[in-house]
Structures are given as C-alpha cells and as structure tokens.
Amino acid sequence: MWLSFLRYCILIFGVLTVIRWVLRKKWGSVDKTNEIKSKGKIVLITGANTGIGKATALEFAKRDANIILACRDLEKAREAVVWIRQKTTLGQLICMQLDLSSLQSVRNFCKEFRSKYDRLDILINNAGLMVPTYSYDRQKTADGHEVHFGVNHLGHFLLTNLLLEPLKASAPSRVVTLSSMAHSWGTIDFDDLNCEKTKIKGTLLINPLYSNSKLANALFSKELSKRLQGTGIRTYALCPGMVMTDFGRNMKGPMIWVLSIISPIIQFLLKSPKEGAATVLYCSLSKNLINESGEMYQNCGKWDPNSRIQLKDEDAKRLWEESAKLVGL
Ligand SMILES: NC(=O)c1ccc[n+]([C@@H]2O[C@H](COP(=O)([O-])OP(=O)(O)OC[C@H]3O[C@@H](n4cnc5c(N)ncnc54)[C@H](OP(=O)(O)O)[C@@H]3O)[C@@H](O)[C@H]2O)c1
Ligand SMILES: *[C@@H]1O[C@H](CO)[C@@H](O)[C@H](O)[C@H]1NC(C)=O
C-alpha cells in the first residue's frame, strides 16, 4: 500500500518535471549577448516594488543601468531597493512616487521627473491590477474612471505622453507596455469606456474588465508606434506569461483555498518573476527588435499575429482620441 503510494508520487513528480522542462523550452530565455548596452541608460519602471517589475529592476541593476522605481508606496519601493541591493551593487536605484489611479499624481510625477532628467531611454509600463470577480464592486479611480481602465490604461497613457520629450531626446529609445494574453478576451465599447455595461457575474478567475484594459494596453502601443514614426522611439507590447507574483493578492474566499492547495504544483509550473521579466528585457534590449515597432511579443520572441486577435487600426486610433479627451491632453 505505502509502496504503491510512493510509486504514484514518483510518477506524478516525474510527469510534472517533464512538463516543467517542456514549458521552459517553449518560454525561451534572454540572450545577453544580443542586447543593446544598458550601462548608464535611464530606465523607468512603473510598479517596480514587487512581481515582474521588481525582477525587471534587478536585471537592469545587474546591467548597470540607472533605474527609477515609480511606485505608489515609497516604503515598498525602498524595501525592493534593499532586496535588489542584497543581490547586486551595480546600477543606480531611485525611488519616486507615482499613483496611476490619480491623473494629478501622474502629472506631478512627470513634472518631478522632468526637473531631474532630460533623457529617458526605456519606459516600462508594468504596473497593473486585477480586482477578483467574486468580490467585485465597481471601484473607481480618483478621477472617477473604472479602476482597471483608469490604472492599467489611462494612467500609463498620460504618463507616456508626458514623457515623450525625454524619450525623443534619447532616441533610439523604447516604450515597453505589459499587456496580457487576456487582451484577446477583451472588448472596447466606445459608448461605454468605463465598462458600466460589462457583465462580471458568471466569470471565473479573469475579470473581464481586466481583459478590456489589457486590450487597451495593446491598442495603445500600436497607435503610439504610428504617432512616433520617424522619432526613433519604438514601442512594444507583450504578455509576460503566467507568472507567480502578488497578482492574486486581492483574492479571498473559496478560490484562494483551492489555489493554496494546488499552489506547490502551480509554483512548480508557472514562471518565476525572473522568468516573467525575460520578455520585458527582450523587448527593452534585444538588438533583433531595433527596426520593429508597434508589435506584440511573448516568450522572448514575436507573438505571431495569426495566433492572436487582430488589433484594428481604427480602434487604436479612436481609443487614443477618447483617452486624450479623458485625461485632458
Ligand atoms: N502575473 C501574471 O501572470 C501576468 C500575466 C499577464 C500579464 N501580467 C501583467 O504584468 C504586469 C505586472 O504584474 P505582476 O504580476 O508583477 O503584478 P503584481 O505583483 O501585483 O505587481 C503589480 C504592481 O503594480 C503596482 N500598482 C498597482 N496599482 C497601482 C497604482 N494605482 N499606481 C501605481 N502602481 C500600481 C503594484 O503596486 P503595490 O504593490 O503598491 O500594489 C505593484 O507594484 C501587470 O501589468 C499585469 O497585468 C501579469
Ligand atoms: C535594421 O535596418 C537597418 C537599415 O535598413 C539594417 O541595416 C539593419 O540590418 C536592420 N537590423 C535588423 C536587426 O533588422
């Protein structure tokens, strides 16, 4: 009886190990030998205090870049700096306060940034949130926008627009935006940008409002590349993959029990934050992408346009115009 139990355990472990190995092959990894030099480059990362953002900051520190950790909670940002400093003494780490759920905070941040820097080599629009569906109450930003649309999209939209000058000044420069696989389940209803009519009930795990905001991220990156033609600023949108981060932090109730029971298996199979940062680094630094702009990426490579939903030019353009009105540009 014990022996057969042991045998099952070994079998399951073996199968999981094979799956883990196959997945990692598919995910690819960063090719450090094919990167543009990041020593001394100015890199701004939103939401760099945890998860993929923190792992990205560490990788840039190891490459001796000057990193600005733009976080809503400076205390958490400083903790991330301590964590990074335990791993490398290279690079510069600067914490600055940025709350993407307030357009005033975005404006203040950019003003402060512009007073300190006249260049920006790489902007990484990483911060993001997802409110779990079962506990869902319509949360709003300080400006009254639906919270996913407001934080994930509008905040980064304004931020990027207010930083175009320093980006132009350091051309060739890059804007990297974290979208998600979930963008393909999203929709943009131009008569209802705050998604008041979107049904949340009956959805599991992924909040449709999150998907909508990740579609907005993808459309934004596409339209941005068009508007920046000839400036030397390139734009890239990506899905980091399924990454073990704090992303599920807001989950409560039955879902979290299920998740914590299977969590050792999930942890074993999902990407670590470092693995999740790999495609971010690829988009930020790979020499392969020097001539590309407005495309999407995953697993350290181009995301085949035929295996994802088509982003319509007219949607990208219209979303840009509507967003500009909403943030007062
Ligand atoms: N993890 C995945 O499997 C996955 C999959 C696809 C796409 N993504 C995308 O990858 C990005 C990073 O996700 P993650 O997994 O690293 O998530 P995470 O661990 O939850 O980190 C998210 C970061 O965003 C920050 N943030 C949230 N609201 C903010 C606001 N109003 N202003 C400023 N910063 C704010 C958080 O700050 P606090 O710590 O202060 O809350 C945190 O630093 C997101 O855009 C997400 O949509 C993740
Ligand atoms: C980018 O374009 C330039 C000029 O057309 C070309 O010389 C170079 O090989 C291209 N690089 C890549 C990686 O495609």
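Here the structure is a predicted model, which means the values were calculated and not measured. Numbering of ligands and ligand atoms starts at 1, following listing order.
- For ligand 1 and Gly241, the ligand atoms under 4.0 Å from any heavy atom of the residue are 2 (C), 3 (O), 4 (C), 5 (C), 6 (C).
- Residue Gly155 places no heavy atom under 4.0 Å from ligand 1.
- For ligand 1 and Asn49, the ligand atoms under 4.0 Å from any heavy atom of the residue are 37 (O), 38 (P), 39 (O), 42 (C), 43 (O).
- Ligand 1 is approached by Pro240 to a heavy-atom distance shorter than 4.0 Å.
- Those atoms of ligand 2 with a heavy atom of Asn291 less than 4.0 angstrom away are 1 (C), 2 (O), 3 (C), 8 (C), 10 (C), 11 (N), 12 (C), 14 (O).
- Using a 30° and 60° split on the angle between ring planes, His153 and Phe157 fall in the tilted class, from 30° to 60°.
- The atoms of ligand 1 that sit less than 4.0 Å from any heavy atom of Ser101 are 31 (N).
- Close approach of ligand 1 to Met242 (heavy-atom distance below 4.0 Å) involves ligand atoms 3 (O).
- At a 4.0 Å heavy-atom cut-off, ligand 1 touches Val151 through the side chain alone.
- The proximity of Lys54 to ligand 1, defined as any non-hydrogen pair under 4.0 Å, does not occur for either the backbone or the side chain.
- With a 4.0 Å heavy-atom cut-off, ligand 1 is reached by the side chain of Lys214 but not by its N, CA, C or O.
- Short contacts between ligand 1 and Gly51, defined as distances under 4.0 Å to a heavy atom of the residue, involve ligand atoms 16 (O), 19 (O).
- Screening Val243, Leu23, Ile52 for a side-chain contact (heavy atoms from CB on, under 4.5 Å) involving Lys271 leaves a single residue, Val243.
- Residue Lys287 has at least one heavy-atom neighbour below 4.0 Å for each of these atoms of ligand 2: 13 (C).
- Residue contact check for ligand 1: Thr50 places a non-hydrogen atom closer than 4.0 Å to it.
- Comparing heavy-atom distances from atom 12 (C) of ligand 1 across Leu98, Asn126, Leu178 singles out Asn126 as nearest.
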